[in-house]
Amino acid sequence: MRHASKIAAVVAAAALGLAACGSSTPEATPGTNGGGTGTAAGTPLKIGLAYDVGGRGDGSFNDAAAAGLDKAKAEYGVEGKEATAVSGEPESAREERLSQLIDAGFNNIVAVGFAYAKSVGKVAKDNPDVKFAIIDDASPDSAGPNVEQITFAENEGSFLVGAAAALKTKSNTIGFVGGVETPLIKKFEAGYVAGAKTVKPDIQIKVQYLTQVPDFSGFNSVDKGKAAADGMYQAGADIVYHAAGGSGGGVFEAAKAAGKRAIGVDSDQANLKQYAAVKDVIMTSMIKKVDVAVFDYITSIKDGKFQGGNKVFDLKAGGVDYSTTGGQIDDIKGKLDEFKQKIISGEIKVPTTP
């Protein structure tokens with residue numbers, strides 16, 4: 001199954017920060033509980049979760065995936081092992097991370113983020129009995145009969161918060177901060193701009209990306225996020241939406257300092273403990289239900305219903321939405337829900353590129 005030695009894998013595991021969590025049940029040998037119809041009596045289903053940069057605790061994308069695993073632990077008694085990517089790491093490190101999880105007996109793997117596409121494609125081909133899920137990629141790079149490619153209609157959810165920003169702005173100027181300029185994050189921008197301009201065609205929208213590929217630090221730099229948002233607020237924006245992972249914390253800090261407002265992403269960020277000090281500036285969040293997708297994948301393994309291929313979580317499927325925590329958009333909720341129904345019905349077609 002593997003051409004690398006077990007000794008090398010163990011040494012590499014320490015360097016890559018592979019961390020176990022969940023029950024203390026002895027680990028199974030590779031191949032045990034690789035899918036099928038659940039688990040043998042007394043043996044928990046084993047799920048390996050490979051995070052993108054930032055990992056558990058980023059208050060955004062990775063934390064949403066972690067919530068899906070945590071729910072499966074609570075409801076199904078699964079055992080999880082987690083590992084986190086490092087900014088700037090080579091492709092070989094991602095491949096090794098996935099392979100280490102498999103060697104540890106975790107034969108159902110969730111790879112969080114499109115950066116794992118090539119690695120998932122290669123490791124899945126080398127391990128046909130292992131069932132994979134990859135978040136945010138449906139490319140040929142990761143495709144395979146044992147790979148579920150999970151994608152979302154981020155543009156649809158972003159349309160709704162863009163409309164909210166346009167309905168709430170007092171300066172007629174809003175902003176968008178993207179973590180890394182990739183086709184995926186451009187989907188967020190496209191929907192946000194479309195939603196805002198549907199409400200106010202003459203609205204001014206400032207757009208800035210924190211880094212360019214292959215530098216993915218834009219997803220985990222509070223300082224970069226704060227500087228970008230601060231510049232927008234100083235230039236007249238009164239609401240800034242971020243799709244920047246952990247860097248979004250900096251956007252919230254800038255909004256707090258400027259007495260302005262911000263829009264969160266992925267999770268209901270105004271409801272997260274780590275943003276308690278700035279929750280009053282988070283007007284709403286575009287919720288991307290990665291937790292639902294991860295739990296759905298694990299359920300399919302448990303029930304013996306896993307299927308490879310692309311599974312899309314759009315507005316109609318409840319895969320994206322907007323949050324109402326804090327009550328700041330209660331007065332426009334009716335209008336936003338009208339837009340939601342028009343998107344679901346197909347009356348409004350939301351673009352995927354700016």
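Quick note: numbers below take in every heavy atom, side chains included, and nothing from hydrogens, waters or symmetry partners.
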- Message: Can you classify the ring geometry of Phe252 versus Tyr275 as parallel (below 30°), tilted (30 to 60°) or perpendicular (above 60°)?
- Response: perpendicular
- Message: Could you check whether any side-chain N or O of Lys187 sits under 3.5 Å from a backbone N or O of Phe152, counting only pairs where one atom can act as donor and the other as acceptor?
- Response: yes
- Query: Hey, do the aromatic rings of Phe176 and His242 have their centres closer than 6.0 Å?
  - Reply: no
- Going by the side-chain hydrogen bond (donor to acceptor under 3.5 Å, both in side chains) test, name the single residue among Glu96, Glu91, Glu95, Arg97 that passes it with Ser119. Glu91
- Is it true that the NZ or CZ of Lys335 lies under 6.0 Å from the centre of Phe339's six-membered ring and within 45 degrees of the ring axis? yes
- Message: Given 3.5 Å as the limit, does a donor-acceptor pair link the side chain of Glu156 with the main chain of Gly319, or not?
- Response: no
- Query: Can you tell me how far the CZ atom of Phe114 sits from the CG atom of Asp137, to the nearest 0.5 Å?
  - Reply: 9.0 Å
- Under the 3.5 angstrom rule, does the side chain of Arg94 hit a backbone N or O of Ala115 as a donor-acceptor pair? yes
- Message: Pairing donors with acceptors under 3.5 angstrom, does anything connect the side chains of Ser142 and Gln149?
- Response: yes
- Expected output: side-chain Ser345 to main-chain Lys342 donor-acceptor under 3.5 Å: yes
- Going through the checks in order, is the salt bridge (Lys or Arg N to Asp or Glu O under 4.0 Å) test met by Asp321 and Lys340? CA-CA 9 Å; Asp321 210 333; Lys340 181 190 293 189; 3.1 Å; yes
- Message: Closer than 3.5 angstrom, by distance alone: can the side chain of Asp58 be matched with the main-chain N or O of Gly246 as a donor-acceptor pair?
- Response: no
- Query: Got a donor-acceptor contact below 3.5 angstrom from the Thr169 side chain to the Ala165 backbone?
  - Reply: no
- Item | Shortest non-hydrogen contact from Ile343 toward Phe159 | CD1-CD2, 3.8 Å
- Message: Angle between ring planes, Phe306 versus Tyr297, binned at 30° and 60°: parallel, tilted or perpendicular?
- Response: perpendicular
- Determine whether the side chains of Asp337 and Gln341 contain a donor N or O and an acceptor N or O closer than 3.5 Å. no
- Message: If we count only N and O atoms by modelled type, under 3.5 Å, do the side chains of Tyr209 and Thr182 hold a donor and an acceptor together?
- Response: no
